[in-house]
Amino acid sequence: MRQALVCGAGGFIGAHLVRRLKAEGFWVRGVDLKRPEFAASAADDFVVGDLREAEVCAAVCDRAFDEVYQLAADMGGAGYIFTGENDAAIMQNSAMVNLQMLEAARRAGVARMFYSSSACIYPAYNQEDPDNPNCAEDSAYPAAPDSEYGWEKLFSERLYLAYRRNHGMATSVARFHNIFGPEGTWTGGREKAPAAICRKVAEARSGDTIEIWGDGRQTRSFLYVDECLEGTTRLLRSGETGPFNIGSEEMVSINGLVAMVAEIAGKRIEVRHVPGPLGVRGRNSDNRLIRERLRWAPSRTLREGLEKTYAWIEGRVRGAVGA
Ligand code: NAD
């Protein structure tokens, strides 16, 4: 039976990934500081542990797993990453996890290891025009990420690539672009734009006004979690190193995103623009390389994923109101 280790299995993407690997017939061990928040983990074995600790990494990576997915990171949306208040913690925590986990995997003779980097590594100077951001993989250097979160990701990407060069490990790196879906953080300060907007719209009555950070003309693309997992597993099993973008090319402004969610909800929503942490003006995935090398790229519409996500968040909001 094939065996997989998912680091960060208590988080949003990790919990979905465990479910997917189980459905594919893997024996799965999950590890995280915490268990998944919204549903029991599907893992055969779930270890609650701190992956900054070398002993924990060695204990969970006690065999030559067929596949290891390293998704654990200290992370959140703009309200967590861009305020500056969490920079030291983000860099220290995530770098430690990557250093310790990669070394443990090398010692255990792991067959293939995946690392989730982020679109946040792309230089801010290429993302000033909301209509024309450049996020081609080879535009990453000269480096100028807009956050310390991005700098840590860039360092760790290089670490995984160095382990491939120097130790012959089959490491693969993807740069995720704004992944969303049900069972993601939707409240509390670490939630990202799609979840935050779904929550605000779900809490509002028709005709109400909701607050949006910035002028709403900043652009992004958002990828539904199932498509992210398809790209992730395909990349790891292809033997390609990457880094490859895994994201959607359907770019939308934040105002456009609000309009789409309001339409799904069947509500008339007014928007008040307020100051807030923002990040770059424009960002979109560029899927030319992954299409060429893997003969695959995500294809489902933003609307499809948003409908599922809105339904899930609306259910949580109704539950919270009813409680
Ligand atoms: P998440 O925050 O839901 O999951 C990350 C998990 O890592 C959390 O459950 C957290 O408890 C765990 N973790 C953090 N420090 C740990 C430690 N010391 N030991 C053990 N576990 C620890 O985030 P996610 O959205 O599921 O993202 C997964 C990965 O993908 C992360 O590396 C993230 O940086 C990357 N990524 C995500 C997105 C996105 O839009 N969600 C975009 C780009 C990159």
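Keep in mind that what you see is a predicted model, and the values were worked out from it rather than measured. Throughout, residue positions are numbered sequentially from 1 according to the sequence presented. One-based numbering, in listed order, for ligands and for the atoms of each.
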Would N287 and N245 satisfy side chain to side chain contact (heavy atoms under 4.5 Å, CB included), going step by step from the backbone distance to the final call? CA-CA 6 Å; N287 293 343; N245 290 325; 4.3 Å; yes

Side-chain donor-acceptor contact under 3.5 Å, N98 with Y160: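 There is such a pair between these side chains.
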
Just one of R316, H16, R19 clears the side chain to side chain donor-acceptor pair (under 3.5 Å) bar with E183, so which one?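 So the option named by the test is R19.
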
Give every donor-acceptor pair under 3.5 Å between a side-chain atom in residues 112-119 and any protein atom, sequence neighbours left out.
residue	atom	partner	partner atom	Å
S116	OG	Q70	O	3.4
S117	OG	E157	OE2	2.8
S118	OG	C120	N	2.9

So F38 and W186, do their side chains get closer than 4.5 Å, heavy atoms only?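 Yes, close enough: below the 4.5 Å cut-off.
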
Please list, by chain and number, the protein residues whose heavy atoms come under 4.0 Å of ligand 1.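 Ligand 1 is contacted, at a heavy-atom distance under 4.0 Å, by G8, G10, G11, F12, I13, D32, L33, K34, G49, D50, L51, R52, L71, A72, A73, M75, V97, S116, S117, S118, Y149, K153, F176, N178, I179, K192.
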
R63 to W27, cation-pi by 6.0 Å centre distance and 45° axis angle: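 Because its charged atom sits under 6.0 Å from the ring centre and within 45° of the axis, R63 does stack over W27.
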
